[in-house]
Amino acid sequence: MIDRLFLSHPRSVGESYGEHAATAARFGVTMIAGGAACLVHAVLPFLFVRTASDSVKRLYAQMKARQPAFAEQKPAFQQPEWQLDYEI
């Protein structure tokens, strides 16, 4: 049961439990920081103008690099159909 709950998924992505925990924690902290910047930006729009967008792009690139078949594709945010008129 412990193997299924704690080790199965990390092994499926080629990581140890510790490696997976560190990666997931780093992603989580980055998302929390980006979300906090977004909340501040909502009230004070002159602060953290690109912080959330940059955080999402950085996480997307890191996630993409971890998946070999996905890594060969151009990032979605660079494709014309995903170009935004504005960024948060």
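Index from 1, following the sequence.
Nearest heavy-atom pair, P10 versus S16, reported as atom, atom and distance to 0.1 Å: CB-O, 3.8 Å. The shortest heavy-atom contact between G34 and S55 is CA-OG, 4.1 Å.
The CG atom of D54 lies 12.5 Å from the OG1 atom of T30; values are rounded to the nearest 0.5 Å. Between the OG atom in S53 and the CZ atom in F48 there is a gap of 13.5 Å [rounded to 0.5 Å].
Qualifying side-chain hydrogen bond (donor to acceptor under 3.5 Å, both in side chains) partners for Q62, counting only residues two or more places apart in sequence or in other chains: R26. Remark: L44 engages V40, F46, L47 in a side-chain contact (heavy atoms from CB on, under 4.5 Å) (not counting sequence neighbours). Not counting sequence neighbours, E19 has no partner by the salt bridge (charged side-chain N to carboxylate O under 4.0 Å, His left out) test.
Applying the salt bridge (charged side-chain N to carboxylate O under 4.0 Å, His left out) definition to pairs two or more places apart or across chains, those involving residues 5-16 are D3-R11, E15-R66. Annotation: ring-ring contact (aromatic ring centres under 6.0 Å, His included) contacts involving residues 8-38, sequence neighbours excluded, comprise H9-H20.
Considering only heavy atoms from C-beta on, R50 comes within 4.5 Å of K57 through its side chain.
Residues M31 and V29 do not share a hydrophobic cluster, clusters being chains of Ile/Leu/Val/Met/Phe/Trp/Tyr side chains in contact below 4.5 Å.
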